[in-house]
Participant: 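One structure, pasted below without further comment.
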Amino acid sequence: MSGIIETSNLVKEYQQGDRLLRVLNGVGLTVERGEFMAIMGPSGSGKSTLLNMIGALDRPTSGKVLINGVDLSTLNDNELAELRNREIGFIFQSFNLITRMDALGNVALPLAIAGLSRGERRERATKLLEMVGLGDRVDHKPPQLSGGEQQRVAVARALVNDPSVLLCDEVTGNLDSKTGDEIVQLLRSLNLEQGKTFVIVTHDPAVAQMTDRLVHLHDGQIVAEKRLR
């Protein structure tokens with residue numbers, strides 16, 4: 001296996017009034033291709049900031065992030081956006097669906113940005129919604145769907161450009177435990193059957209225990225790692 005994500009001496013600082021707040025403090029992390037891993041830590045430990053760095057949503061103050069061997073610091077904003085659309089799928093706690101669009105439209109949206117034809121977008125989005133168990137809900141808008149169904153739409157949308165890496169930020173946070181467990185099982189099946197790489201930020205020990213490796217962050221540093229299987 002080779003590292004699909006690599007960070008070295010990653011530092012992120014924010015100016016907060018007259019003081020400098022260091023959120024990440026020299027993080028070095030390698031995520032192997034096909035890995036299914038979790039990041040845990042208390043509120044304010046830097047979990048979401050780290051996810052934003054490796055997802056090319058924000059730039060570090062210093063240090064490096066490599067995705068598939070590409071140093072993100074060498075890319076301009078347009079190239080970063082292109083890399084995000086091609087290589088990375090995002091799944092968020094709050095689903096981030098567009099309420100006026102039906103499930104099909106939400107899943108197909110990244111394909112429109114990528115320039116695919118209407119027919120191609122519809123075909124690919126329909127297949128993915130069927131794959132996540134929502135073949136009969138394609139024309140339903142988010143308010144007509146349960147929380148678990150909305151998260152399944154979000155999973156399908158994250159997969160639609162066939163990314164190498166899926167970054168998940170508290171994906172079960174708005175779900176009851178049974179529905180959350182179903183979503184993690186869905187992600188696990190995508191990992192095992194399609195070889196997708198998953199990095200899952202979670203506060204839930206039950207979710208973390210379903211992964212291969214658990215990394216603990218505290219005060220912006222990795223303080224422990226544990227291989228679970």
Side-chain angles (χ1 to χ4, degrees), residues 2-33 35-96 158 163-174 187 197-228:
S2 59
I4 193 167
I5 297 169
E6 296 176 76
T7 77
S8 58
N9 201 26
L10 205 60
V11 172
K12 182 63 178 179
E13 296 173 333
Y14 295 99
Q15 194 71 40
Q16 198 172 62
D18 59 354
R19 63 189 276 258
L20 202 60
L21 184 66
R22 182 168 283 203
V23 182
L24 294 178
N25 190 17
V27 173
L29 176 69
T30 298
V31 180
E32 302 293 349
R33 191 175 303 277
E35 196 169 10
F36 193 71
M37 67 161 290
I39 299 173
M40 291 190 78
S43 180
S45 61
K47 303 185 301 295
S48 292
T49 301
L50 177 57
L51 210 64
N52 287 343
M53 296 296 128
I54 63 180
L57 291 171
D58 197 3
R59 294 182 184 270
T61 304
S62 62
K64 287 191 174 183
V65 179
L66 276 69
I67 305 284
N68 269 331
V70 176
D71 182 349
L72 301 192
S73 68
T74 66
L75 306 182
N76 63 34
D77 288 348
N78 287 338
E79 290 167 335
L80 276 178
E82 187 180 321
L83 179 137
R84 277 196 305 272
N85 206 37
R86 183 182 69 246
E87 297 280 4
I88 303 167
F90 297 92
I91 310 170
F92 300 98
Q93 176 178 350
S94 55
F95 318 135
N96 287 15
S164 309
V165 180
L166 288 108
L167 304 179
C168 308
D169 196 0
E170 301 285 9
V171 290
T172 63
N174 283 340
L187 302 183
T197 304
F198 281 85
V199 179
I200 302 171
V201 162
T202 183
H203 67 279
D204 186 343
V207 172
Q209 287 300 317
M210 297 170 75
T211 65
D212 296 327
R213 179 166 63 118
L214 175 57
V215 171
H216 281 278
L217 270 186
H218 193 274
D219 291 339
Q221 294 180 307
I222 293 175
V223 295
E225 281 192 51
K226 183 181 181 183
R227 188 154 291 283
L228 303 173

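No hydrogens, no waters, no symmetry mates; every other heavy atom, side chains included, goes into these values.
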Participant: Could you grab the distance from atom CZ of R59 to atom CG of L75, nearest 0.5 Å is fine?
Facilitator: 7.5 Å

Participant: Is any side-chain heavy atom of L167 closer than 4.5 Å to a side-chain heavy atom of I91?
Facilitator: no

Participant: Indicate yes or no for a side-chain donor-acceptor contact from Q209 to the backbone of A206 under 3.5 Å, with no hydrogens or angles considered.
Facilitator: no

Participant: Sorted by first residue and then second, give each ring pair (Phe, Tyr, Trp, His ring centres under 6.0 Å) pair with at least one member in residues 35-89; sequence neighbours left out.
Facilitator: F36-F198

Participant: Could you report the tightest heavy-atom contact between G46 and L24, atom names first, then the distance?
Facilitator: O-CD2, 3.6 Å

Participant: Working to the nearest 0.5 Å, report the span between CG of L72 and CG of L66.
Facilitator: 7.0 Å

Participant: Which value, rounded to the nearest 0.5 Å, describes the distance between T211 atom OG1 and L187 atom CG?
Facilitator: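 Here the interatomic distance stands at 11.5 Å.
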
Participant: Looking at L10, V65, V215, which hits side-chain contact (heavy atoms from CB on, under 4.5 Å) with L29?
Facilitator: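 So, applying the side-chain contact (heavy atoms from CB on, under 4.5 Å) to L29 and each of L10, V65, V215, only V215 qualifies.
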
Participant: Does the side chain of L20 come within less than 4.5 Å of Q15's, by heavy atoms?
Facilitator: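 Sidechains of L20 and Q15: in contact.
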
Participant: How many angstroms lie between NZ in K226 and CG in L214, if you round to the nearest 0.5 Å?
Facilitator: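 One finds 7.5 Å between NZ of K226 and CG of L214.
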
Participant: Can you tell me if T7 uses its side chain to pair, donor with acceptor, with the backbone of V27 under 3.5 Å?
Facilitator: yes

Participant: Less than 4.5 Å apart, side chain to side chain, heavy atoms only: is that true for T49 and D58?
Facilitator: no

Participant: Given 3.5 Å as the limit, does a donor-acceptor pair link the side chain of N174 with the main chain of Q93, or not?
Facilitator: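 Yes; at least one donor-acceptor contact below 3.5 Å.
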
Participant: Give me the atom names and distance for the closest heavy-atom approach of H218 to S45.
Facilitator: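 Heavy-atom minimum between the residues: CA-CB, 4.0 Å.
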
Participant: Check salt bridge (Lys or Arg N to Asp or Glu O under 4.0 Å) between R213 and all other residues, then give those that pass, not counting sequence neighbours.
Facilitator: E35, E225

Participant: Listed by chain and number, what are the side-chain contact (heavy atoms from CB on, under 4.5 Å) partners of Q16, not counting sequence neighbours?
Facilitator: R19, L21

Participant: Applying side-chain contact (heavy atoms from CB on, under 4.5 Å), name anything that partners M210, two or more places apart in sequence or on another chain.
Facilitator: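 Only D181, V184, Q185 meet the side-chain contact (heavy atoms from CB on, under 4.5 Å) criterion with M210.
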
Participant: Sort and list the pairs that fulfil salt bridge (Lys or Arg N to Asp or Glu O under 4.0 Å) and have at least one residue in residues 38-56, not counting sequence neighbours.
Facilitator: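 The answer is none; no pair qualifies.
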
Participant: Using the side-chain contact (heavy atoms from CB on, under 4.5 Å) rule, pick out the option among T197, L166, L83, I5 that qualifies with I88.
Facilitator: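 Answer after filtering T197, L166, L83, I5: L83.
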
Participant: Kindly write out the residues that satisfy side-chain contact (heavy atoms from CB on, under 4.5 Å) with H203, not counting sequence neighbours, or none if the list is empty.
Facilitator: E170

Participant: Hey, what do you get for CD1 (I39) to NE2 (H216), rounding to the nearest 0.5 Å?
Facilitator: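 These two atoms lie 11.0 Å from each other.
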
Participant: What closest approach, in Å, do L80 and A56 show between heavy atoms, and which atom pair accounts for it?
Facilitator: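 Reported closest heavy-atom pair: CD2-CB, 3.8 Å.
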
Participant: For residues I222 and L217, determine if any side-chain heavy atom of one lies less than 4.5 Å from a side-chain heavy atom of the other.
Facilitator: yes

Participant: Please find the pair of heavy atoms, one from V199 and one from I54, that lie closest to each other, and give the distance.
Facilitator: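 That closest heavy-atom pairing would be CG1-CD1, 4.3 Å.
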
Participant: What residues form a salt bridge (Lys or Arg N to Asp or Glu O under 4.0 Å) with D18, not counting sequence neighbours?
Facilitator: none

Participant: So which heavy atom on P163 is nearest to which on A158, and how close?
Facilitator: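 Closest heavy-atom pair between P163 and A158: CG-O, 3.2 Å.
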
Participant: Got L57 and F90 here, is their nearest side-chain heavy-atom distance under 4.5 Å?
Facilitator: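 Side chain of L57 against side chain of F90, heavy atoms only: contact under 4.5 Å found.
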
Participant: Please name the pair of heavy atoms, one in A208 and one in L228, separated by the smallest distance, quoted to 0.1 Å.
Facilitator: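 Reported closest heavy-atom pair: O-CD1, 3.2 Å.
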
Participant: State which residues pass side-chain contact (heavy atoms from CB on, under 4.5 Å) with T61; sequence neighbours excluded, sorted by chain then number.
Facilitator: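 Per chain and number, T61 pairs via side-chain contact (heavy atoms from CB on, under 4.5 Å) with V11, K12, E13.
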
Participant: Report the residues that fulfil side chain to side chain donor-acceptor pair (under 3.5 Å) with D71, sequence neighbours left out, ordered by chain and then residue number.
Facilitator: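 Per chain and number, D71 pairs via side chain to side chain donor-acceptor pair (under 3.5 Å) with K64, S73.
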
Participant: D219: what forms a salt bridge (Lys or Arg N to Asp or Glu O under 4.0 Å) with it, not counting sequence neighbours?
Facilitator: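 D219: no salt bridge (Lys or Arg N to Asp or Glu O under 4.0 Å) contacts found.
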
Participant: S48: what forms a side chain to side chain donor-acceptor pair (under 3.5 Å) with it, not counting sequence neighbours?
Facilitator: D169

Participant: Let me confirm one number: the CD-CG distance from E6 to N68, rounded to the nearest 0.5 Å.
Facilitator: 10.0 Å

